[in-house]
2 protein chains.
Amino acid sequence: MERSEISKAAYLRFPVYLRYLKAEAAAGVEYVSSSEIAEDMHLSAVCVRKDLALVASEPGKPRLGFAVEKLICDLERALGYHLKTHACVVGAGRLGRAFLVYDGFEHYGIDVVAAFDISPAQVGALSGKPIYPMERLKEIAERERVKLGILTVPGDAAQAACDAMVEAGITAILSFAPAYVRVPEGVTLRCEDLAATLASLISEAGEHH
Amino acid sequence: MERSEISKAAYLRFPVYLRYLKAEAAAGVEYVSSSEIAEDMHLSAVCVRKDLALVASEPGKPRLGFAVEKLICDLERALGYHLKTHACVVGAGRLGRAFLVYDGFEHYGIDVVAAFDISPAQVGALSGKPIYPMERLKEIAERERVKLGILTVPGDAAQAACDAMVEAGITAILSFAPAYVRVPEGVTLRCEDLAATLASLISEAGEHH
DNA sequence: TAGGAATCGATAAAAAAATATCGATTGAGG
DNA sequence: CCTCAATCGATATTTTTTTATCGATTCCTA
């Protein structure tokens, strides 16, 4: 993949550019310059130019800037949104069910096909998406070629659930469980600590004087 | 605040250390060395030592390492979890309601006091937490000294809701709305694009060969 | 049609962060 | 009680990321 040349930090900015550009496109803007983007997004213009140079399929035009629609396509391609991936939710609590029925994933090439829960009370379906008992995780995940798992169980159940996901062949896990979990080599784990994110936001805001 | 000397990247690692240490503490471990942490967390030992040196109130002991309990306290203090902050949820959909009743925030010094929604159908309460109509946002936020807002509305309502939050005196916003929103100077905004996070996870995992 | 203003992209410099190296310290084992 | 092995913390180096500078390009306007 040629993306290895793209810096990690830049990669994290891409989704933000994408949203910005979509907002501009919706407003009827055809061309946008690095300087404009930089100003609106509170970034340095040079940084924006460098980032865009990494993904833009055709160079920006002096005096005009970049074609918005074109840039959106380039970004989506660079981000891999044109690829289709099956995902599942493990832990059908409030948060898990929110993910299960959230319809915003499809634009990103992600299809949440099912949820799993250890409690029989949760088993059933929600908005047409099935909720299975945990025992069927491996069977369904293999059948549906699920490679991505969203972990939304209580902290004390996190490690066991995580192990089950790995066992089921899931290779990328996004965990919202408030616990430290280990995964074997070859499995990508990202932990989203919502409370910690909030807390860091507070201290960031506190620095604004 | 003396935290300005702490690197941004290190600050992001602190919550992960904290979780790890709590897991160790729960397992009865009293002392832990940088090398152990590094190995378990897939980091460089030097990096861990440097990070811990930033927060540890007393130096680590050669041959033993750091006192786990002590380190937990130091990290929590550095992260500001001992301060109390009031937060509110704007948008009482599935995701918003999940945040409203989530009981994991208190350990981080965050108290979610209420939710707001534009739809009268959502108004009421959930697990003792009130859900008010949007019109009362300013009144309640000011009364309860709410400085932190969690934005969980549909994309097309995001900017308006965000403006209302700013108007109500909220200075830090964590947005889960799939849209690009602008905030005035002095307001801290963090966007959590769940779908984009998932998508980035996929491509990260895809690089593992 | 020609000048000018603003943008681009490339190269270079600066800043930040991660990693490596090394002597000093200290608890454990003989 | 003394040696050994492992850890710490500090300094130095490398790598990564961001910011600055500058000539070339090209679209708008007169």
Side-chain angles (χ1 to χ4, degrees), chain A residues 1-17 20-21 24 29-72 74-75 78 200 204 207, chain B residues 1-17 20-21 24 29-72 74-75 78 200 204 207:
Chain A
M1 282 202 174
E2 71 278 15
R3 196 189 339 78
S4 34
E5 301 158 19
I6 297 181
S7 99
K8 211 168 166 182
Y11 201 76
L12 290 172
R13 282 190 294 268
F14 288 166
V16 192
Y17 290 130
Y20 172 85
L21 290 171
E24 292 293 294
V29 178
E30 276 189 61
Y31 283 88
V32 67
S33 75
S34 311
S35 345
E36 280 178 73
I37 299 178
E39 189 169 344
D40 286 342
M41 291 178 54
H42 305 104
L43 288 170
S44 124
V46 181
C47 182
V48 174
R49 265 208 293 280
K50 257 190 110 176
D51 287 345
L52 296 189
L54 293 170
V55 297
S57 56
E58 55 185 35
K61 294 184 190 167
R63 188 86 192 190
L64 271 178
F66 292 86
V68 174
E69 291 290 353
K70 189 86 183 166
L71 214 44
I72 289 175
D74 292 338
L75 274 169
S200 79
E204 228 176 83
E207 279 174 353
Chain B
M1 282 202 174
E2 72 279 14
R3 202 195 328 83
S4 34
E5 301 159 18
I6 297 182
S7 98
K8 209 169 167 183
Y11 201 76
L12 291 173
R13 282 190 295 267
F14 288 166
V16 193
Y17 290 130
Y20 173 85
L21 291 171
E24 292 293 295
V29 178
E30 275 188 61
Y31 284 87
V32 67
S33 74
S34 312
S35 345
E36 280 178 74
I37 300 178
E39 190 169 345
D40 286 342
M41 290 178 55
H42 305 104
L43 288 171
S44 125
V46 181
C47 182
V48 173
R49 265 207 293 281
K50 258 188 109 176
D51 287 345
L52 296 189
L54 293 171
V55 297
S57 57
E58 56 186 35
K61 295 182 190 168
R63 187 89 189 188
L64 272 179
F66 293 86
V68 174
E69 291 291 354
K70 190 86 182 166
L71 214 43
I72 289 175
D74 291 340
L75 274 168
S200 80
E204 227 176 83
E207 278 175 353

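Convention: sequence-line order gives letters A, B, ...; per-chain numbering from 1.
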*5'-most by nearest nucleotide on DNA chain D - A:Ala9 or B:Glu36*: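 So the residue in question is B:Glu36.
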Rounded to the nearest angstrom, tell me the gap between atom [atom1] in [X] and atom [atom2] in [N].
X       : N      : atom1 : atom2 : result
A:Ile37 : C:dA6  : CD1   : C1'   : 15 Å
A:Lys61 : D:dT25 : NZ    : P     : 16 Å
B:Leu12 : C:dA16 : CG    : C1'   : 14 Å
A:Leu64 : C:dC8  : CG    : P     : 9 Å
A:Glu58 : D:dT25 : CD    : P     : 18 Å
A:Phe14 : D:dT17 : CZ    : P     : 12 Å
B:Leu52 : C:dA18 : CG    : P     : 14 Å
B:Arg13 : C:dA16 : CZ    : P     : 16 Å

*Supply the atom-to-atom distance A:Lys50 NZ to A:Ser44 OG, rounded to the nearest 0.5 angstrom.*
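The NZ atom of A:Lys50 sits 10.0 Å away from the OG atom of A:Ser44.
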May I ask you to say what [X] touches in the nucleic acid, namely base, sugar-phosphate or nothing, with a heavy-atom cut-off under 4.0 Å?
X       : result
B:Ala53 : nothing
B:Tyr31 : nothing
B:Lys8  : sugar-phosphate

*Find out whether A:Leu52 and A:Leu71 are in side-chain contact, i.e. whether some heavy atom of one side chain is under 4.5 Å from a heavy atom of the other.*
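A side-chain contact exists here, since the closest heavy-atom pair is under 4.5 Å.
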*Side-chain contact, heavy-atom cut-off 4.5 Å: B:Val29 with B:Leu21?*
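They are not in contact (no side-chain heavy atoms under 4.5 Å apart), so the answer is no.
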_Whether B:Arg49 contacts D:dC8 is assessed here as follows: a side-chain N or O lying under 4.0 Å from the phosphate OP1 or OP2. Is that the case?_
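Result: yes.
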_For D:dC8 and B:Ser34 - does any side-chain N or O of the residue sit under 4.0 Å from the phosphate oxygens OP1/OP2?_
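Yes, because at least one side-chain N or O of B:Ser34 sits under 4.0 Å from OP1 or OP2 of D:dC8.
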Which of these nucleotides, [options], is closest to any side-chain atom of [X]?
X       : options                : value
A:Ser7  : D:dT17, C:dA18, D:dT19 : D:dT17
A:Val46 : D:dA20, D:dC8, D:dC27  : D:dA20
B:Arg63 : D:dC27, C:dC8, C:dG27  : C:dG27
A:Pro62 : C:dA18, D:dC27, D:dT25 : D:dT25

_Comparing A:Phe66 and A:Lys50 on DNA chain C - which has the more 5′ nearest nucleotide_ =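 It is A:Phe66, whose closest nucleotide lies nearer the 5' terminus.
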*Verify, without hydrogens or angle tests, whether A:Asp74 (side chain) and A:Ser57 (backbone) share a donor-acceptor contact under 3.5 angstrom.*
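Yes; at least one donor-acceptor contact below 3.5 Å.
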*asked:* If I compare all heavy atoms of B:Tyr17 with all of B:Cys47, which pair ends up nearest, and what's the gap?
replied: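 In this case the closest contact between B:Tyr17 and B:Cys47 is OH-O, 4.2 Å.
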